[in-house]
Undergrad: 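Next up is a structure, given as structure tokens.
Residues take their numbers from the sequence shown, with the count starting at 1. Just so we're clear, the structure is a prediction, and the values are computed from it rather than from any experiment. All values below were derived from every heavy atom in this structure, side-chain atoms included, with hydrogens, water molecules and symmetry-related copies excluded.
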Amino acid sequence: MSKSSIVNRGKVFSLAEVERHNTRESTYVTYSGRVYDLTEFLPDHPGGDDIVLEYAGKDIGQVMGDETQHVHSRAAYEMMEEFRVGELGGGERIVSEDWVADENFHPDETDLLSDYNMNKFIDLSKPLLIQVWNAPWTKEYYLSQVHEPRHLKESARMFGSDLLEPFTRTQWYVVPLIWWPIAAFLGTLSVGQFNNPSLTAKDLLSYPPNISALPTVSAFSLSSWFACFAFGVLVWTILEYVLHRFLFHLDYYLPDAPWAITLHFLLHGVHHYLPMDRLRLVMPPLLFFVLQTPFTKLAHLLFPKAIANGIISGSFAMYVMYDLGHYALHHTKLPAYLAEMKRYHLAHHYKNFELGFGVTSKMWDYVFGTMLVTNTK
């Protein structure tokens, strides 16, 4: 048995993945739901390699039982096990180009036992994260399944530990409670720094207050801050698009390794897998802190303090609107414009996850050619 066969034994493959192994250099077949790599067996096949290559990437159930084609002994079936590399995942596609976006869409709850037995993916009745880390799937099978939405009445558990589990769930109101005050503080600091460049955050936070260090307000400082704030809002919209498309949907560029698949699942995969989970729709504060750090440092590297803090205050304020808007797009009845954005975002989940990366606006989808059509089949 080859080393690769030992390493891959027990993997779960997608049908599309098996179908691509249809050459002499890589010959996969399926039989009774199992996947076999017959590449090394081609020269030794008693009936010649042409018969095997004819079914490369396909199921061989019919030909194995066809005595007019080639008679197979019990030993042949036993020998096949030496070449087994895994099993075939199943299930019908849920995400479909035929899905019609509807702002009143309410998905049915997933039958947990049936879904697990059919797809050999995640058992939603058990903690998710350890299953992803120890998963037997190939990366391609993971990606094919994690973008097929499932639905539960209650949030699925990420950890078995009651101590760790609360850190994986975020109520929507936590985001504005944390980040709007920070945005307001940075905006106040920016206004003061336009009049007094030596003003620091420590001056505003000192106790007892240093009256002489309090920021002074003028038409110049307010208008300068507002211009930076507006630019920060624009900066957030492009960051929203770039992070969603090139980080959260890194997808096919992921290394085929447990750590990479687990990281993908934590960052965004779990949201696509359970898109209506109310406690995993907004970004946990710690995750946003990690993601924003390099960008805020870059702003202070490129601009004077007053401008940098003004831009950051706008970006943080718009981030909160993005996260609240994202929650609303999944769970709230909305007026006309926002209802259209809801249809657009739901189509990203249920129609084509490789398009429609804008959440608060379609602007950058127009610019970069990733528009998603929602009103036609």
Side-chain angles (χ1 to χ4, degrees), residues 167-168 170 174-207 210 213-215 220-251 253-255 259-260 262-264 266-269 271 282-326 357-361 363-364 367-368:
F167 293 99
T168 73
T170 309
V174 170
V175 173
L177 281 176
I178 292 177
W179 295 107
W180 265 345
I182 293 174
F185 176 81
L186 292 174
T188 302
L189 183 60
S190 174
V191 170
Q193 287 173 332
F194 275 111
N195 281 333
N196 177 13
S198 64
L199 185 69
T200 66
K202 188 175 181 180
D203 293 329
L204 297 186
L205 295 173
S206 63
Y207 185 84
N210 181 359
L214 292 180
F220 166 75
S221 63
L222 278 176
S223 60
S224 298
W225 163 77
F226 184 77
C228 294
F229 181 92
F231 182 65
V233 169
L234 179 65
V235 167
W236 169 257
T237 65
I238 184 64
L239 284 177
E240 170 195 316
Y241 179 88
V242 168
L243 289 172
H244 192 188
R245 180 178 179 183
F246 297 109
L247 177 61
F248 297 160
H249 280 278
L250 192 65
D251 293 356
Y253 299 99
L254 284 175
W259 68 266
T262 303
L263 182 60
H264 179 276
L266 283 171
L267 281 176
H268 201 57
H271 174 52
V282 297
M283 201 176 297
L286 180 59
L287 176 58
F288 183 70
F289 176 79
V290 171
L291 291 177
Q292 63 82 31
T293 297
F295 296 104
T296 55
K297 287 185 178 297
L298 179 62
H300 280 286
L301 185 65
L302 295 177
F303 301 106
K305 289 186 294 184
I307 296 176
N309 286 322
I311 293 172
I312 296 167
S313 70
S315 295
F316 279 12
M318 189 59 189
Y319 155 68
V320 175
M321 294 303 298
Y322 153 81
D323 242 353
L324 296 182
H326 185 213
F357 298 103
V359 176
T360 56
S361 168
M363 175 174 62
W364 298 111
V367 171
F368 294 110

Undergrad: Any side-chain heavy atom of Thr360 within less than 4.5 Å of one from Glu240?
TA: yes
Undergrad: So which heavy atom on Ala308 is nearest to which on His300, and how close?
TA: CB-ND1, 3.6 Å
Undergrad: Quick one: list whatever passes side chain to side chain contact (heavy atoms under 4.5 Å, CB included) with Ala227, sequence neighbours left out.
TA: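 Listed in chain order: nothing, the list is empty.
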Undergrad: Using distance only, find each side-chain donor-acceptor pair of residues 174-189 under 3.5 Å and give its atom names and separation, not counting sequence neighbours.
TA:
residue: Thr188; atom: OG1; partner: Ala184; partner atom: O; Å: 2.9

Undergrad: My understanding is that only residues two or more places apart in sequence, or in another chain, count here; which of them pass side-chain hydrogen bond (donor to acceptor under 3.5 Å, both in side chains) with Tyr241?
TA: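 side-chain hydrogen bond (donor to acceptor under 3.5 Å, both in side chains) check on Tyr241 returns Arg245, Thr370.
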Undergrad: Could you check whether the rings of Tyr322 and Tyr319 sit parallel, tilted or perpendicular, using 30° and 60° as the cut-offs?
TA: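 If you compare the ring of Tyr322 with that of Tyr319, the planes turn out tilted.
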Undergrad: Can you check whether His244 and His326 have ring centres sitting under 6.0 Å from each other?
TA: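 No.
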Undergrad: What distance do Gln193 atom CD and Asp203 atom CG have between them, rounded to the nearest 0.5 Å?
TA: 9.5 Å
Undergrad: Suppose we screen for side-chain hydrogen bond (donor to acceptor under 3.5 Å, both in side chains). Which residues come up paired with Thr296, at least two apart in sequence or across chains?
TA: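 Partners of Thr296 by the side-chain hydrogen bond (donor to acceptor under 3.5 Å, both in side chains) criterion, ordered by chain and then number, come out as Gln292.
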Undergrad: Who passes side chain to side chain contact (heavy atoms under 4.5 Å, CB included) against Thr262, sequence neighbours left out?
TA: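 Thr262 satisfies side chain to side chain contact (heavy atoms under 4.5 Å, CB included) with Leu129, Val132, Trp133, Leu266 only.
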Undergrad: Who pairs with Thr168 by side chain to side chain contact (heavy atoms under 4.5 Å, CB included), at least two apart in sequence or on another chain?
TA: Met158, Phe159, Glu165, Arg280
Undergrad: Provide the closest heavy-atom pair for Cys228 versus Phe194 in the form atom of the first, atom of the second, distance.
TA: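 Between these two residues, the closest heavy atoms are SG-CZ, 3.8 Å.
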Undergrad: Name all residues meeting the side-chain hydrogen bond (donor to acceptor under 3.5 Å, both in side chains) criterion together with Ser198; count only those two or more places apart in sequence or in a different chain, and write none if there are none.
TA: Asn196
Undergrad: Closest heavy-atom contact between Ser315 and Gly232?
TA: OG-O, 2.8 Å
Undergrad: Looking at Ser221 and Asn195, what are the two nearest heavy atoms and their distance?
TA: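 Looking at all heavy atoms of both residues, the closest pair is OG-ND2, 3.4 Å.
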Undergrad: Tell me, please, which residues at least two apart from Phe248 pass ring-ring contact (aromatic ring centres under 6.0 Å, His included).
TA: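 Partners of Phe248 by the ring-ring contact (aromatic ring centres under 6.0 Å, His included) criterion, ordered by chain and then number, come out as His268.
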Undergrad: With side-chain contact (heavy atoms from CB on, under 4.5 Å) as the test, would you mind laying out the steps for Leu267 and Leu287 before giving the verdict?
TA: CA-CA 8 Å; Leu267 281 176; Leu287 176 58; 3.7 Å; yes
Undergrad: For Ser361, give me all partners under side-chain hydrogen bond (donor to acceptor under 3.5 Å, both in side chains), at least two apart in sequence or on another chain.
TA: none
Undergrad: How would you list, by chain and number, every residue that makes a ring-ring contact (aromatic ring centres under 6.0 Å, His included) with Trp225, sequence neighbours excluded?
TA: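 By the ring-ring contact (aromatic ring centres under 6.0 Å, His included) rule, Trp225 matches Phe229.
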Undergrad: Compute the ring centroids of Phe288 and Phe316, then answer whether they are less than 6.0 Å apart.
TA: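 Between Phe316 and Phe288, which both carry aromatic rings, the centre distance is below 6.0 Å.
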Undergrad: What distance do Asp251 atom CG and His264 atom NE2 have between them, rounded to the nearest 0.5 Å?
TA: 4.0 Å
Undergrad: Just so I know, are the side chains of Pro285 and Thr170 near enough to count as touching, which here means a heavy-atom distance under 4.5 Å?
TA: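 The answer is yes, as the side chains (C-beta and beyond) meet within the 4.5 Å cut-off.
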Undergrad: Does the side chain of Phe231 reach to within under 4.5 Å of the side chain of Val235, using non-hydrogen atoms?
TA: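 With C-beta onward as the side chain, the pair touches.
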Undergrad: With a 3.5 Å distance limit and no angle check, can you tell me whether Asn309 reaches the backbone of Ala306 through a side-chain donor-acceptor pair?
TA: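 No, the answer is negative, given that no donor and acceptor are paired below the 3.5 Å cut-off.
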Undergrad: Can you find a pair of side-chain heavy atoms, one from Leu291 and one from Met283, that are under 4.5 Å apart?
TA: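 Yes - at least one pair of side-chain heavy atoms lies under 4.5 Å apart.
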